[in-house]
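Index from 1, following the sequence. Please read these numbers as outputs of a predicted model, since none were measured by experiment.
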Amino acid sequence: MNDIAEILEREAAPAPANARKVYVKTYGCQMNVYDSQRMTDALGADGYVETATIDDADMVLINTCHIREKAAEKVYSQLGRLRKLRDKRRAEGRDVLVGVAGCVAQAEGEEILRRAPVVDFVIGPQTYHRLPQVAAEARRGVKLVETDYAIEDKFEQLPAHDARQIRARGVTAFLTVQEGCDKFCTFCVVPYTRGAEVSRPVGQIVAEARQLVDAGVREVTLLGQNVNAWHGEGPDGREWGLGQLLHELAKIEGLARLRYTTSHPRDMDDALIEAHRDLECLMPYLHLPVQAGSDRLLKAMNRKHTADEYRRLVDRIRAARPDIALSGDFIVGFPGETEADFEDTMRLIRDIGYAQAFSFKYSPRPGTPGADLADQVPDALKSERLQRLQALLAGQQAAFMQGLEGKTISVLLEKPGREFGQIAGRSPWLQPVVCSETVGKIGDIVNVRISRASANSLLADGA
Ligand code: SAH
Ligand code: SF4
Ligand code: F3S
């Protein structure tokens with residue numbers, strides 16, 4: 001899961017006059033982006049509309065991430081600013097509700113109310129369907145902390161997507177199919193913040209995908225902390241795997257592109273690899289984090305595979321789909337990492353060749369086994385290694401981008417370009433592509449020739 005850790009401003013559907021307004025700030029991974037949309041929809045059923053301007057808001061909802069210390073700290077600085085906003089509001093005789101959702105909410109619960117009294121409610125990812133009731137209580141002055149894992153099915157209880165909202169969000173959409181994690185990598189908080197693995201049934205997923213496509217979506221990205229561990233109940237009563245689910249979704253007319261993220265190497269089974277061979281609409285791009293290239297570290301991280309097993313897996317995937325591009329996540333400075341371990345990671349990166357990657361300094365997380373290990377790596381060393389690793393990965397990314405110069409590739413057109421006369425879309429490998437608006441309209445998939453690659457985007461002929 002890529003930690004995009006940024007505030008996502010979305011275009012809101014036009015609001016009826018005097019509706020209550022909610023401003024949502026999203027940190028963390030794509031699952032949080034999806035959750036923010038579902039929370040907005042749930043509040044919509046309760047009379048709230050989304051606003052992109054914090055000054056208009058009757059409620060500010062922060063959807064938080066706990067994956068690294070920096071991500072978690074952001075919440076409290078944000079809450080400090082909200083305290084000032086509330087003081088200003090109260091001086092004007094108005095008020096604003098403040099809610100904290102997401103993984104920090106789940107991990108810290110009551111503690112958030114203690115540290116930041118400005119907060120009116122705390123709600124964990126498993127209880128978002130209860131948001132309207134929690135908000136109603138907050139309006140009456142009752143501060144709730146909802147972080148129990150609910151027994152009922154959250155997805156059954158959440159209201160369906162609002163078609164207007166789907167259209168406002170564009171032609172690509174996320175769809176969570178699996179939540180939680182049973183893997184317990186020793187560095188990671190996700191099993192504690194998101195709970196045990198749960199897979200949604202096929203019927204629910206297909207119905208939601210149809211709804212998205214009916215509202216104009218052309219590309220769906222299936223999400224899960226371990227999306228390829230998904231094993232849901234099929235309409236035949238049997239347990240299906242992700243490969244079979246992708247085949248079913250590929251039948252939906254109008255759904256032109258499918259993606260899924262994030263995958264664990266151990267859950268790439270044959271049926272899934274074959275889906276990459278057999279399904280044209282399954283995009284040739286796979287985010288397959290490995291974290292490290294040293295077997296000793298992989299063991300200490302509890303990843304349960306070796307570096308060579310990863311190399312062989314990538315060979316099999318590439319044999320099935322030769323044009324597939326890989327991306328990955330890497331952690332430097334896990335406790336006990338030696339220069340030789342780090343070199344093993346560099347060697348693995350050279351062997352595989354990534355089109356894109358996300359890399360992080362190890363951040364000890366409270367409650368995880370890694371945090372208690374001796375031999376924590378000094379920060380300066382982590383920074384130095386991260387720099388070397390990122391230079392290597394940046395070189396690979398640039399080589400991949402340059403390799404596309406002069407090639408004709410398919411692009412899903414997503415939005416107007418930044419400059420007049422341009423339209424922007426994405427390549428099969430997720431790079432932004434800037435085209436001339438004469439090539440087509442938003443939602444079209446067009447073939448364009450790439451004239452130039454820059455560091456992060458591609459320019460098509462005529463743009
Ligand atoms: N489920 C995915 C990863 C989810 S977390 C997987 O198993 O691959 C997203 C990424 O954050 C991880 O891949 C890892 O690279 C990074 N990450 C997780 N915990 C971290 C920590 N404590 N310090 C630094 N990076 C971490
Ligand atoms: Fe975290 Fe490991 Fe689970 Fe990924 S597989 S979410 S890194 S515990
Ligand atoms: Fe962050 Fe939670 Fe996602 S910790 S990366 S928001 S699962």
Side-chain angles (χ1 to χ4, degrees), residues 1-3 67-68 183-188 190 225-229 260-269 272-273 276 284-363 370 373 375-377 381-403 429-430:
M1 199 106 320
N2 323 336
D3 178 20
I67 200 84
R68 284 169 290 276
K183 297 260 186 326
F184 290 93
C185 302
T186 51
F187 53 81
C188 184
V190 170
Q225 268 90 15
N226 269 289
V227 72
N228 57 344
Y260 60 93
T261 196
T262 295
S263 297
H264 194 292
R266 283 186 56 220
D267 294 314
M268 286 305 298
D269 63 15
L272 185 53
I273 295 175
H276 279 282
Y285 178 90
L286 180 63
H287 186 62
L288 195 64
V290 65
Q291 317 297 352
S294 137
D295 289 343
R296 206 178 62 80
L297 277 193
L298 286 168
K299 191 156 198 284
M301 289 176 167
N302 195 31
R303 294 290 291 184
K304 299 208 173 91
H305 64 78
T306 65
D308 276 347
E309 279 163 357
Y310 182 84
R311 286 182 179 90
R312 284 199 295 272
L313 172 62
V314 170
D315 287 344
R316 281 168 54 220
I317 297 166
R318 283 183 166 150
R321 182 82 202 226
D323 64 341
I324 203 160
L326 289 181
S327 80
D329 291 343
F330 299 90
I331 296 180
V332 298
F334 186 78
E337 184 187 71
T338 63
E339 188 58 28
D341 291 321
F342 176 69
E343 278 305 330
D344 283 345
T345 304
M346 297 286 273
R347 193 159 52 84
L348 182 65
I349 294 172
R350 281 187 210 103
D351 289 349
I352 301 292
Y354 290 90
Q356 230 198 358
F358 302 87
S359 47
F360 315 97
K361 287 197 270 185
Y362 170 68
S363 167
L373 292 173
D375 286 345
Q376 297 285 333
V377 175
L381 192 51
K382 284 186 202 170
S383 300
E384 190 250 328
R385 286 181 185 160
L386 185 66
Q387 225 173 21
R388 282 158 63 196
L389 183 118
Q390 287 184 338
L392 176 60
L393 289 165
Q396 293 191 341
Q397 179 174 335
F400 183 85
M401 303 278 281
Q402 274 150 24
W429 311 280
L430 278 180

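With sequence neighbours excluded, no residue forms a side-chain hydrogen bond (donor to acceptor under 3.5 Å, both in side chains) with Gln402. Considering only residues two or more places apart in sequence or on other chains, Ala394 meets the side-chain contact (heavy atoms from CB on, under 4.5 Å) condition with none of them. Residues satisfying the side-chain contact (heavy atoms from CB on, under 4.5 Å) test with Arg316, not counting sequence neighbours, are Asp270, Ile273, Leu313. Take Leu430 and apply the side-chain contact (heavy atoms from CB on, under 4.5 Å) test, not counting sequence neighbours, and it matches Arg259, Tyr285, Arg426. Under the side-chain hydrogen bond (donor to acceptor under 3.5 Å, both in side chains) criterion, Ser359 pairs with Gln390, not counting sequence neighbours. Residues satisfying the side-chain hydrogen bond (donor to acceptor under 3.5 Å, both in side chains) test with Arg296, not counting sequence neighbours, are Asp341. Partners of Arg318 by salt bridge (charged side-chain N to carboxylate O under 4.0 Å, His left out), not counting sequence neighbours: none found. When the side-chain hydrogen bond (donor to acceptor under 3.5 Å, both in side chains) test is applied to Lys183, the partners found at least two apart in sequence or on another chain are Asp267. With sequence neighbours excluded, no residue forms a salt bridge (charged side-chain N to carboxylate O under 4.0 Å, His left out) with Arg350. Asp323 pairs by the salt bridge (charged side-chain N to carboxylate O under 4.0 Å, His left out) definition with Arg321, not counting sequence neighbours.
Between Leu348 and Gly293, the shortest heavy-atom contact is CD2-CA, 3.8 Å. Nearest approach of Cys188 to Ile67, heavy atoms of both residues: SG-CD1, 4.2 Å. Summarising the geometry of Leu298 relative to Thr306, their closest heavy-atom pair is CD1-C, 3.8 Å, with the distance given to 0.1 Å. Closest approach of Pro289 and Ser263 over heavy atoms only: CD-O, 3.2 Å.
To the nearest 0.5 Å, atoms OH (Tyr260) and CG (Leu286) are separated by 4.5 Å. Considering CH2 of Trp429 and OG of Ser327, their distance stands at 14.5 Å, rounded to 0.5 Å. Remark: Ile349 CD1 to Met346 CE distance equals 6.5 Å, nearest 0.5 Å. We find the CG-CG distance between Leu381 and Leu386 to be 11.5 Å, quoted to the nearest 0.5 Å.
Screening residues 297-309 for salt bridge (Lys or Arg N to Asp or Glu O under 4.0 Å), with sequence neighbours left out, gives Asp308-Arg311. Under the ring pair (Phe, Tyr, Trp, His ring centres under 6.0 Å) criterion, the residue pairs touching residues 294-340 are Phe330-Tyr354, Phe334-Tyr362, with sequence neighbours excluded.
Side chains of Phe400 and Gln356 form no contact here, defined as non-hydrogen atoms less than 4.5 Å apart. Contact annotation: the side chain of Ile317 approaches that of Leu288 to within less than 4.5 Å [non-hydrogen atoms, C-beta and beyond]. No side-chain heavy atom of Thr345 sits less than 4.5 Å from a side-chain heavy atom of Val332. Counting only heavy atoms from C-beta outward, the side chains of Glu343 and Arg388 approach each other to under 4.5 Å.
Between the side chain of Asp375 and the backbone N or O of Glu337, no donor-acceptor pair lies under 3.5 Å. Judged by distance alone, the side chain of Asn228 and the main-chain N or O of His264 form a donor-acceptor pair under 3.5 Å. Remark: the backbone N or O of Gly370 is paired with a side-chain donor or acceptor of Gln376 at under 3.5 angstrom.
Arg347 has a carboxylate O that lies under 4.0 Å from a charged side-chain N of Asp344, or vice versa, which qualifies the two as a salt bridge.
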Just do the side chain to side chain contact (heavy atoms under 4.5 Å, CB included) check on Leu392 and Leu389 with the steps written out, would you?
CA-CA 5 Å; Leu392 176 60; Leu389 183 118; 5.8 Å; no
Evaluation steps, side chain to side chain contact (heavy atoms under 4.5 Å, CB included), between Arg385 and Glu339:
CA-CA 9 Å; Arg385 286 181 185 160; Glu339 188 58 28; 3.5 Å; yes
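Atom CD of Gln387 has 12 or fewer neighbouring heavy atoms from other residues, nucleotides or ligands inside a 6.0 Å radius.
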